[in-house]
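For clarity, every value in this text was computed on a predicted model and none was experimentally measured. Values reported hereafter were calculated over all heavy atoms of this structure, with side chains retained and with hydrogens, waters and symmetry mates removed.
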Amino acid sequence: MSTPVTVRSLVFGGARSGKSAHAERLALQAAQEGAGEIVYIATASRSAARDDAEMQQRIAHHQQRRLDLGGAWRTVEAPLALGAALRTHGRAGNVVLVDCLTVWLANLLFAEGIAFPEVGPIDPPAAFLQQRADFLAALQEASGTVILVSNEVGMGIVPQGAISRWFVDEAGRLNQAVAAICERVQWVAAGLPLSFKEPAC
């Protein structure tokens, strides 16, 4: 009897690059090969977006695309405790798709309603450090198929404002940490994936 293979994948790219659609196709392919369902861990919360028409529209767009793809999708919301959600669902035989890490990063930053300065160093909430460490530990322990979607936000002009620069820096550091753990890392541009790292045969 063969040992179940663990493949953790990071799919990242810029806005409207096609990264989420590509990640969904990877998840569907893995589920079809293993005849299992896909656990879609959404870091955006529908309840938190109830007063945000734009975010509601974005969520609906993602939902419709998954319906169009077919397959069995189960949605779990994890706007903050992503590590706990990954520990629950990231096990042998499961296909887990997390979309996306940069929304999760913003959730952690602003969850406590702290007023951040326009200039000077940013001291993130304690929950940010705790949840980030817990997520990376959970990812290291995960088995089965885990696909994570993230944005590359550091390729343009350095943004104005301390909090914006902090976010760009932390998103880049998070992507590096996740890529170091993952067996597969793919960059998507104009809907086309480019592999930087692939699982050993």
Side-chain angles (χ1 to χ4, degrees), residues 8-17 19-20 23-24 27 39-59 61-63 74-90 96-142 146-156 158-182 185:
R8 292 158 291 198
S9 302
L10 171 64
V11 177
F12 73 119
R16 306 280 73 79
S17 62
K19 59 188 179 296
S20 290
E24 289 162 5
V39 180
Y40 182 93
I41 301 180
T43 57
S45 168
R46 288 189 65 84
S47 59
R50 62 182 178 272
D51 297 323
D52 186 337
E54 180 190 356
M55 182 56 76
Q56 288 179 351
Q57 188 177 55
R58 288 172 180 268
I59 291 171
H61 174 71
H62 279 246
Q63 290 176 324
R74 178 157 61 97
T75 301
V76 174
E77 290 190 357
L80 298 175
L82 184 53
L86 196 52
R87 280 194 175 89
T88 299
H89 302 288
V96 174
L97 172 57
V98 177
D99 197 355
C100 75
L101 295 183
T102 34
V103 168
W104 174 67
L105 193 66
N107 293 344
L108 290 178
L109 181 60
F110 296 110
E112 297 178 17
I114 297 173
F116 295 103
E118 286 293 321
V119 295
I122 298 295
D123 294 320
F128 165 77
L129 300 174
Q130 294 164 358
Q131 293 289 353
R132 184 185 189 278
D134 186 60
F135 160 68
L136 291 174
L139 180 60
Q140 189 76 57
E141 299 160 6
V146 179
I147 303 166
L148 307 115
V149 178
S150 190
N151 285 278
E152 172 54 68
V153 296
M155 296 183 71
V158 176
Q160 185 175 10
I163 192 62
S164 297
R165 289 191 296 273
W166 181 93
F167 184 82
V168 168
D169 289 346
E170 288 303 320
R173 291 185 183 111
L174 180 62
N175 284 346
Q176 289 185 60
V178 170
I181 296 170
C182 288
V185 178

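Minimum interatomic distance between Arg87 and Ala137 (heavy atoms only, all atoms of both residues): NH2-CB, 3.7 Å. Heavy-atom minimum distance, Val96 versus His89: CG2-O, 3.4 Å. Here the shortest heavy-atom pairing between Leu97 and Val149 reads CD1-CG2, 4.0 Å. When every heavy atom of Thr102 is checked against every heavy atom of Ser150, the shortest pair comes out as CG2-OG, 4.0 Å. When every heavy atom of Glu77 is checked against every heavy atom of Pro79, the shortest pair comes out as C-CD, 3.6 Å. Contact detail for Gly120 and Ala162: the closest heavy-atom pair is O-CB, 3.3 Å.
A salt bridge (charged side-chain N to carboxylate O under 4.0 Å, His left out) check over residues 167-182, counting only residues at least two apart or in different chains, returns the pairs Glu170-Arg173.
Interatomic distance, Ile41 CD1 to Ile147 CD1, rounded to the nearest 0.5 Å: 11.5 Å. The structure places SG of Cys100 at 13.5 Å from CZ of Phe12, a figure rounded to the nearest 0.5 Å. Considering CZ of Arg132 and CG of Leu101, their distance stands at 10.5 Å, rounded to 0.5 Å.
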Apply the test side-chain contact (heavy atoms from CB on, under 4.5 Å) to residues Leu148 and Leu139: give CA-CA distance (whole Å), side-chain angles for both, the deciding distance (0.1 Å), then the verdict. CA-CA 10 Å; Leu148 307 115; Leu139 180 60; 3.8 Å; yes
Please assess Ile163 against Leu109 for the test side-chain contact (heavy atoms from CB on, under 4.5 Å), listing each intermediate value before the final yes or no. CA-CA 10 Å; Ile163 192 62; Leu109 181 60; 3.4 Å; yes
How far apart are the C-alpha atoms of Val158 and Arg165, what are their side-chain angles, what is the distance that settles it, and do they pass the side-chain contact (heavy atoms from CB on, under 4.5 Å) test? CA-CA 7 Å; Val158 176; Arg165 289 191 296 273; 3.7 Å; yes
With side-chain contact (heavy atoms from CB on, under 4.5 Å) as the test, would you mind laying out the steps for Phe135 and Leu108 before giving the verdict? CA-CA 12 Å; Phe135 160 68; Leu108 290 178; over 6 Å; no
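Between the side chain of Asn107 and the main chain of Thr43, a donor-acceptor pair closer than 3.5 Å is present. Counting only distance, with no hydrogens or angles, the side chain of Arg8 and the backbone of Val178 share no donor-acceptor pair below 3.5 Å.
Between Phe128 and the choices Phe167, Trp104, Trp166, Phe110, the ring-ring contact (aromatic ring centres under 6.0 Å, His included) rule is met once, by Trp166.
Residues Lys19 and Asn151 are in side-chain contact: their nearest non-hydrogen atoms beyond the backbone lie under 4.5 Å apart.
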